[in-house]
Amino acid sequence: MKSHFRTAMAWLHTWAGLPLGWLLYLIFLSGSLGYLDTEIDRWMNPQLLAQAQVASPPQQAAIALARLQERAPDAARWFIVLPTDRNDPLVRILWMPRPAPDGAKVRSGSALLDPASGQPLGILHSYGGQFLYRLHYQLHYLPEAVAHWIVGLATLLMLVALITGVIIHKKIFIEFFTFRPGKGVRSWLDAHNLLSVSSLPFQLMITYSGLIFFAFTYMPLVVVAHYGLEPSGQQRFTSELFEAGDSYPRSGTAHALASLAPMLAQAESRWGAGRVNGIDIRQPGDAGARVLLRPNQDSPLRGGEIMVFDGSDGRLLEIRPAAASTVKAIYDTLLGLHEGLYAGPWLRALYLLSGLAGAGMIASGLVLWAEKRRLRAERASGRRHAGLRLVESLNVGTILGLPIAIAGYFWANRLLPETWLQRAAWEGHILFIVWGLCLLHAALRPSRRAWLEQAAMAACAYAAIPLLNIFTSPRHLPATWIDGDTVFAGFDLATLLVGAGFAALVWRISRRPGLAGCLR
């Protein structure tokens, strides 16, 4: 019975991994780069972020408030994001209009403010790292609801593959210390196990917490334990989780908003200087206005403490705890762990490396699947099945084609005209066009030649980015190195390192007779 169960788990592990393996590779690779979204944003929009913030938080809030009064004087809600850390390098304003009387859909708005002038910046030249971050759960071209269903299902199957993988590997921790180079397919399996076990806690956390984004009902035991099975308990759970009732109706009496400076001073005395990140103004211009202040995130708990002030006279009305209930705390902590916004540089680097290890785990599993069946087919009939050839082509075009496409995204950022209004959108289009060409190339070339040629393309594409930057931007590697600009210099150095890694892969493939020999 035990052997049958393990066999079933092995079958489920294999077949749950293959159909969605390419999608999961996209999710892990783009999601991992999302941990560097702010740094990529800066590199791809060098003209916007060259000047440091010089105004104090109260001055920044006053400037932002003036811009909101100009842009959306009749809005139902204003929001100001202050630049407290790397996650928010610029002051950002957002506004939400009042509902239309006829029920028509109303559009909210947002703008970044120039650090020097305080004026709203123009159209962003690039979506930068935000495009890659959103790609891992929105899939770009699909309707958002459809993308969420697809990514949620893929994430669920990933969790199944992780759990079944632990079950079928009886000596999982011994395999962590086992790597046998020169053994062909055996070496690929060792590499797959090593990447899997070394990042297993991260993979389990990031996969399960990712499900929470799409359906909080994946925590049924937590909900039932605290709220019971009755409909009233479920309704109370939903109300607490999404802070239902957190609305402030208009009084109908016009009243100027109180000064934000004393409110910020009270918040800083409680949280520390420079920690106020969000200023949420409900019903501005009304006597019933409320101002909610939030700190920046410095722990995995995503929702921080909130200070609520009367918008008409600036009185402190209440201080809400970071989490009003146990389930709210669990929910916010899982989301906070997944996003990693609280992480410092070293922990963020660990997030990045663990995510890339997850992508490597998926990639090695896909290669292993194809190699095993290729050898089996060649022993049986001396030739490969057409379906296996398709899998090998998709492996090449995804495992190497997607990194090449991301390099194409960076190249497009430097080559497309800065004045072109559609430039930001076309950077994303070019990523998918390049990826499509890589998939086509892999389908037309013999498997080994496709691996070799695309690895060479990836090496050249990444290694040449610093050189391209010298000719297209004043913020290139020599200048930024001298200025001590770690973000721009670090980005160029990182692309050189990635290019060197792909060059090493080219050398490895060229010296071995088959793909399975790359780890020899």
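Side chain to side chain, Ser393 and Arg389 meet the donor-acceptor criterion of an N or O pair below 3.5 Å. There is a side-chain donor-acceptor pair under 3.5 Å between Asn469 and Asp492.
Of all non-hydrogen atoms in Pro295 and Glu305, the two that sit nearest each other are CD-O, 3.0 Å. Contact detail for Ala442 and Ala450: the closest heavy-atom pair is CA-CB, 4.1 Å. The two atoms that bring Gly499 and Ala459 nearest to each other are O-CB, 3.5 Å, heavy atoms only. The shortest heavy-atom contact between Val434 and Ala405 is CG1-CA, 3.7 Å. Contact between Met44 and Gly128 at its shortest, heavy atoms only, is SD-CA, 3.5 Å. In terms of heavy atoms, Leu496 sits closest to Pro466 at CG-CG, 3.6 Å.
When the options Tyr141, Trp426, Tyr409 are evaluated for a ring-ring contact (aromatic ring centres under 6.0 Å, His included) with Phe432, the one that passes is Tyr141.
Side-chain N or O atoms of Arg92 include none that pairs as donor or acceptor with a backbone N or O of Phe79 at under 3.5 Å. Checking side-chain atoms of Thr207 against main-chain N and O of Leu204 turns up no donor-acceptor pair under 3.5 Å.
For residues 430-443, the set of pairs meeting the side chain to side chain donor-acceptor pair (under 3.5 Å) definition, not counting sequence neighbours, comprises His441-Glu453, His441-Gln454. Among residues at least two apart or in separate chains, side chain to side chain donor-acceptor pair (under 3.5 Å) pairs with a member in residues 343-363 are Tyr342-Tyr351.
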(request) Determine, step by step, whether Ser364 and Leu368 satisfy the side-chain contact (heavy atoms from CB on, under 4.5 Å) criterion, reporting the C-alpha distance in whole Å, the side-chain angles of both residues, the deciding distance to 0.1 Å, and the verdict. (result) CA-CA 6 Å; Ser364 58; Leu368 184 63; 6.0 Å; no
(request) Please lay out, stage by stage, how Asn277 and Asp88 fare under the test side-chain hydrogen bond (donor to acceptor under 3.5 Å, both in side chains). (result) CA-CA 9 Å; Asn277 179 238; Asp88 297 295; 3.3 Å; yes
(message) Pair Leu23, Leu139 - check side-chain contact (heavy atoms from CB on, under 4.5 Å), show working.
(response) CA-CA 10 Å; Leu23 174 60; Leu139 305 182; 4.0 Å; yes
(request) Please report the C-alpha distance between Arg86 and Asp37 in whole Å, then the side-chain angles of each, then the deciding distance to 0.1 Å, and finally whether the salt bridge (Lys or Arg N to Asp or Glu O under 4.0 Å) criterion is met. (result) CA-CA 10 Å; Arg86 65 169 286 276; Asp37 57 346; 3.6 Å; yes
(message) Evaluate Ile279 against Leu293 for side-chain contact (heavy atoms from CB on, under 4.5 Å), listing each step before the verdict.
(response) CA-CA 5 Å; Ile279 305 175; Leu293 301 186; 3.8 Å; yes
(message) Test side-chain contact (heavy atoms from CB on, under 4.5 Å) on Val506 and Phe502; report intermediate values, then the result.
(response) CA-CA 6 Å; Val506 172; Phe502 281 115; 5.6 Å; no
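With contacts defined as side-chain heavy-atom distances shorter than 4.5 Å, the pair Leu431/Leu132 qualifies. At least one side-chain heavy atom of Ile163 sits under 4.5 Å from a side-chain heavy atom of Leu159. Ile465 has its side chain within reach of Trp411: a pair of non-hydrogen atoms, C-beta onward, lies under 4.5 Å apart. A heavy-atom distance below 4.5 Å is found between the side chains of Leu94 and Val81. Under the 4.5 Å side-chain criterion, counting only non-hydrogen atoms from C-beta, Leu437 is not in contact with Ile404. No side-chain heavy atom of Leu29 sits less than 4.5 Å from a side-chain heavy atom of Ile362. The side-chain heavy atoms of Phe28 and Ile206, taken from C-beta on, include a pair separated by under 4.5 Å. The closest side-chain heavy-atom distance from Ile399 to Val367 is below 4.5 Å.
No cation-pi contact links Arg294 to Trp271, judged by a cut-off of 6.0 Å to the six-membered ring centre and 45° from its axis.
Within the model, atoms CZ of Phe488 and CG of Leu493 stand 13.5 Å from one another, a figure rounded to the nearest 0.5 Å. Between atom CG of residue Asn87 and atom CG of residue Asp41 there is a gap of 10.5 Å, rounded to the nearest 0.5 Å. Here OH of Tyr25 is found 9.5 Å from CG of Leu366. Values are rounded to the nearest 0.5 Å. Atom CG of Leu350 sits about 8.0 Å away from atom CZ of Phe202, to the nearest 0.5 Å. Rounded to the nearest 0.5 Å, atoms CG (Leu162) and OH (Tyr208) are 14.0 Å apart. Note that CG of Leu400 is 10.0 Å distant from CG of Asn395, once rounded to the nearest 0.5 Å.
Not counting sequence neighbours, His140 has no partner by the side chain to side chain donor-acceptor pair (under 3.5 Å) test.
Using cut-offs of 30° and 60° for the angle between ring planes, the His136 and Tyr133 rings count as tilted.
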